[in-house]
2 protein chains.
Amino acid sequence: MGFSGRLIVYGGKGALGNACVSAFKSKNWWVASIDLAVNDDAHANVLVKPTGSWTDQESQVLSDVATVIGSERLDAVICVAGGWAGGNATHKDFIKNADAMWKQSVWASSIAAAIAAKHLKEGGFISLPGAAPAVSGTPGMIGYGMAKAAIHQLTKSLAAPDSGLPANCNVVATLPLTLDTPMNRKWMSAADKSTWTPMDYIVELFVKWTQGHDRVASGSLVKFITEQNQTRIEIV
Amino acid sequence: MGFSGRLIVYGGKGALGNACVSAFKSKNWWVASIDLAVNDDAHANVLVKPTGSWTDQESQVLSDVATVIGSERLDAVICVAGGWAGGNATHKDFIKNADAMWKQSVWASSIAAAIAAKHLKEGGFISLPGAAPAVSGTPGMIGYGMAKAAIHQLTKSLAAPDSGLPANCNVVATLPLTLDTPMNRKWMSAADKSTWTPMDYIVELFVKWTQGHDRVASGSLVKFITEQNQTRIEIV
């Protein structure tokens with residue numbers, strides 16, 4: 001059976017990741033999920049084993065990815081893996097949380113970059129998870145801001161010549177403020193949701209960009225602005 | 001005996017760190033060095049023990065710093081700790097080098113921030129080690145760029161309200177391109193040194209800024225531009 005395309009969703013078991021898996025599958029794409037738990041909707045799963053070391057995680061994930069991909073090339077690698085933790089410089093968990101943010105966000109994004117470098121087609125698409133606040137200072141969530149700033153800079157590095165990606169790839173970072181996810185609805189139930197970005201908006205852009213439609217310049221940090229339930233993007 | 005001021009140099013055994021220790025000591029400052037090895041010129045030394053964990057390093061360094069400082073407050077924390085390693089996304093050591101850069105640069109800078117939050121005086125000075133190339137993409141040294149971008153963003157976070165620093169502190173990141181150090185002269189002996197920034201230029205600025213003279217806006221990324229043996233700074 002012929003697929004319309006092939007992609008990996010890194011963080012495919014989270015809310016946005018799951019939405020990506022479903023959307024691409026419904027368009028006849030082959031979809032693999034990388035996450036701590038299995039996504040039953042995906043055609044293939046790579047489970048990230050808990051490990052204390054970035055290089056161990058890289059070896060394990062790259063080896064398992066090679067197994068599920070075989071000799072095929074990917075059209076896209078979409079990384080939506082990450083987490084959130086706060087803390088300013090006097091917070092008792094400042095460093096502990098910074099460490100967690102690095103491991104959850106930057107390990108995943110840089111391993112996604114290594115996967116893209118190995119398995120993406122020429123002209124392929126890669127998206128990494130940024131954050132709008134990290135474009136400037138984030139004093140109440142210092143570790144989170146450092147990790148997201150690193151991902152923004154990684155996006156620019158990957159888009160530059162000789163980054164190791166195949167020719168003509170398109171690399172972006174998505175910078176939402178607050179996503180409209182079930183978890184955010186649960187934990188911030190009283191918040192004004194008219195400024196939350198719907199996951200579908202982002203997923204529809206991913207569907208277009210993976211197919212080469214309406215791409216923004218490679219290396220772009222794509223900020224999502226939602227006001228009065230209307231979302232637009234802005235390159236920052 | 002009264003000292004003119006008190007500071008910690010994080011990375012006090014490296015070339016620039018050692019220059020800082022000497023310069024401030026000659027001006028009657030009390031100087032403590034934090035590094036892997038003892039700086040015999042310093043009034044006190046905190047040795048960073050090799051460890052696999054960021055939080056363990058934080059505990060050990062903060063505890064030892066509290067011991068050497070006692071009840072005194074610091075006028076400045078100058079962090080010049082870091083390293084360099086290259087590698088694009090297909091490099092066999094891409095992740096290994098990114099991990100090393102994170103540990104050498106970001107661990108030190110964020111622990112320096114925690115020290116500053118605990119021990120700095122109101123109106124104190126803190127400097128963190130950035131890098132000019134990391135303001136945009138660094139495809140040939142991806143891990144280095146991510147670590148330095150994180151330090152740039154940390155600088156902005158610390159300068160923002162409620163970062164945890166005492167009131168009216170001044171936080172900057174120094175962004176040199178190439179420093180004129182003995183190691184760089186050894187490894188890049190054929191290079192054009194007229195564009196290398198002399199360490200003395202930076203040390204003299206540190207001396208002024210710690211005393212409150214000619215400070216730049218807190219949160220500034222201070223780029224050092226050296227052309228034809230003339231150095232100037234530019235806020236980026």
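So you know, we letter chains A, B, ... as the sequences are listed, proteins then strands, and number each from 1.
Side chains of A:E227 and A:T195: a donor-acceptor N/O pair is absent below 3.5 angstrom, by distance only. For the 3.5 Å distance criterion, the side chains of A:S157 and A:S163 fail to qualify, holding no donor opposite an acceptor.
Judged by distance alone, the side chain of A:H119 and the main-chain N or O of A:V65 form no donor-acceptor pair under 3.5 Å. Listed for the A:N45 side chain is a donor-acceptor partner under 3.5 Å among the backbone atoms of A:N39.
Between A:D75 and A:R6 no salt bridge is recorded (no basic side-chain N to carboxylate O distance below 4.0 Å).
Taking 4.5 Å as the limit, every side-chain heavy atom of B:L47 sits out of range of all side-chain heavy atoms of B:D35.
Across A:A117, A:S136, A:G164, the residue that shares the most heavy-atom pairs under 4.5 angstrom with chain B is A:G164. Ranked by heavy-atom pairs shorter than 4.5 Å toward chain B, the options A:S110, A:A160, A:P161, A:A113 are led by A:S110. Interface remark: of the candidates A:A134, A:A116, A:P139, A:A114, A:P139 forms the most heavy-atom pairs closer than 4.5 Å to chain B.
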Can you list the steps and then say if B:E72 with B:W30 is a side chain to side chain contact (heavy atoms under 4.5 Å, CB included)? CA-CA 11 Å; B:E72 302 287 347; B:W30 179 89; over 6 Å; no
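Here the rule is side chain to side chain contact (heavy atoms under 4.5 Å, CB included) with A:L205, and of A:I233, A:T210, A:T174, A:V172 only A:I233 fits it.
Using a 4.5 Å heavy-atom cut-off against chain B, the contacting residues of residues 79-109 of chain A are A:N88, A:A89, A:T90, A:F94, A:I95, A:K96, A:A98, A:D99, A:W102, A:V106. For residues 55-63 of chain A, a heavy-atom distance under 4.5 Å to chain B picks out A:T55, A:E58, given by residue number.
With a threshold of 4.5 angstrom between heavy atoms, A:L158 approaches chain B through side-chain atoms but not through N, CA, C or O.
With values rounded to the nearest 0.5 angstrom, B:K148 atom NZ is found 12.0 Å from B:L221 atom CG.
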